[in-house]
Every structure is written in structure tokens, then in C-alpha cells.
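Structure first, commentary second.
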Amino acid sequence: MFANKKLISNLVSNIGKVEKQTLEAMRDGRIEQEPAITDRLLGVMEHVLNDKTIAGVRWTVKTLTDRGRGSQENEFGADFLAALELEIEGYQIAKGFLAQSKRIEPSQTFSRQEFYRLQEQCRKMLSHSSASFVFLYSQQSGIVVVPAMEIITARDCNPHELISKPMKKFYQEHFECFIGDQKIRSANPQALEELRNRYEARRLVILQGYNEPVQLSLFDRS
């Protein structure tokens, strides 16, 4: 478990900003469909965190989206792949998770056909990694995260009825290393496209954090 509480607290606070801005765009009607909401979510994450220093750690956020035309949605097991790389205080972390997304309200009817389709998407993600999840976008409940395993073992239902975590809590546990697959990593920037293709994800977001080098004064004799 990674135990830099100040860093994690600040990161989670910024994830809260990402969720808030994404939900505001939904409620204002600026984004409506799931792909657009996911694009906004990852775009806001890049805007909020990229090139920022948080608790002495410099962050870089990169996003990569499938550019192919005519691609069918069922070619992709995941809407996005999230990779996290941390190298601070002599501690290294490299891990990630797969995510499918669904816009649905707790009170909304979710047909059996839709649920079975979601189950198939979850099975495809789980064939790659047990760290697979479904992000539910809701104006009423915010963004909550359901384990893909919970989806495939459930009867057909509205996925809000299943075990979930608020997005901030999910990311807190991700940063604390309770959530994530260490096989999901990128050896270098050139490997990002290969990583996205290998896990059959439509989009990729990678968060990289490194300690900023200490600038010593010419008069510092220590």
C-alpha cells in the first residue's frame, strides 16, 4: 500500500473536481452520449492534472483515442484503459485498470438486452484483467464504479442496484494500491498505442507522477 496521505488527499480532491466538471456538462446538456461523456471525463482529467505539482509531485497526463474510422463498438472490450505510473520517494508503482461506461439513472429501466450486452463487454474486459470496472454516469448519483465481476454474476437489473463505489473513493483506493493490475503498464511513451490495442480499449489515459528535482542554491553547503 502507498502511504503518502498528503499526496493521496490532494489527488482525490482533484478527482472530485474532474467529476464535478464532467457532471456539470451533463446537467447543462453539453454532453449526452456515453462516448462524449467519457471523452469529457478524460479531457477534464488531463486539464486538471497535467503539468501540475501536487504535494511535491509533478504530474503528466496523456490521453490516446482510437483514430480508426468505421470501427464497430463491439471490437473494443473497454471504453478506456487507465494506467498509473508513480516514481517518488524511492517508491515505484506501475499498474492500471480497464473500464466500460454506461449512462443510466438509478430510477431508469435497463432492459434485459442492454444488461446482457453489458455482461458481454465485462467478460471481454475480464479476459484481459481482473481489474475491470463499469463507470456509471448519472445526474442523480454522480459517477459510481461497479466491478465487472459484479456485473457478470448478477441477474439482469439496473446496475445501480449492484455494489459500487463513488468515483472519488474508487480513485483513492487506486492511488493507495488496493485497486489495479500490475500487468497494465507502458515501458515507454512509444508503447502507448500498443498498450491500448493489446487491451482492446477505445481510449487510454496515463497518469505519471515524479518527484520534482530539488533545486539547490549556489550558497547551499549541505
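Everything numeric here is computed off the predicted structure, so don't read it as measured data.
- Using cut-offs of 30° and 60° on the angle between ring planes, the pair Phe170 and His174 is parallel.
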Evaluate side chain to side chain donor-acceptor pair (under 3.5 Å) for Glu46 paired with Thr63, printing each intermediate quantity in order. CA-CA 8 Å; Glu46 184 172 354; Thr63 56; 3.0 Å; yes

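- Checked by atom type, the side-chain pair Asp79/Ser101 shows a donor-acceptor distance below 3.5 Å.
- Closest approach of Ile163 to Glu150, counting heavy atoms only: N-OE2, 3.5 Å.
- With respect to Glu194 and Arg198, a salt bridge is recorded, a charged nitrogen being found less than 4.0 Å from a carboxylate O.
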Tyr116 and Ser111: CA distance, side-chain angles, deciding distance, side chain to side chain donor-acceptor pair (under 3.5 Å) verdict: CA-CA 9 Å; Tyr116 288 166; Ser111 72; over 6 Å; no

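- Between Phe135 and Phe97, the two ring planes are parallel [angle under 30°; tilted spans 30° to 60°].
- Salt bridge Lys165/Glu173: present, at least one basic N to carboxylate O contact under 4.0 Å.
- The minimum heavy-atom distance between Ala94 and Arg185, with the atom names listed, is O-NH2, 3.4 Å.
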Is there a side chain to side chain donor-acceptor pair (under 3.5 Å) between Ser129 and Asp181 once you walk through the steps? CA-CA 7 Å; Ser129 173; Asp181 183 344; 2.6 Å; yes

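- A donor-acceptor pair under 3.5 Å links the side-chain atoms of Arg103 to the main chain of Glu32, judged by distance alone.
- Note on Glu114 versus Arg117: no salt bridge recorded, every NZ/NE/NH1/NH2 to OD/OE distance being 4.0 Å or above.
- A pairwise comparison of heavy atoms in Ile88 and Tyr210 identifies CG2-C, 3.9 Å as the closest pair.
- Looking at every heavy atom in both residues, Leu7 comes nearest to Ile54 through CD1-O, 3.4 Å.
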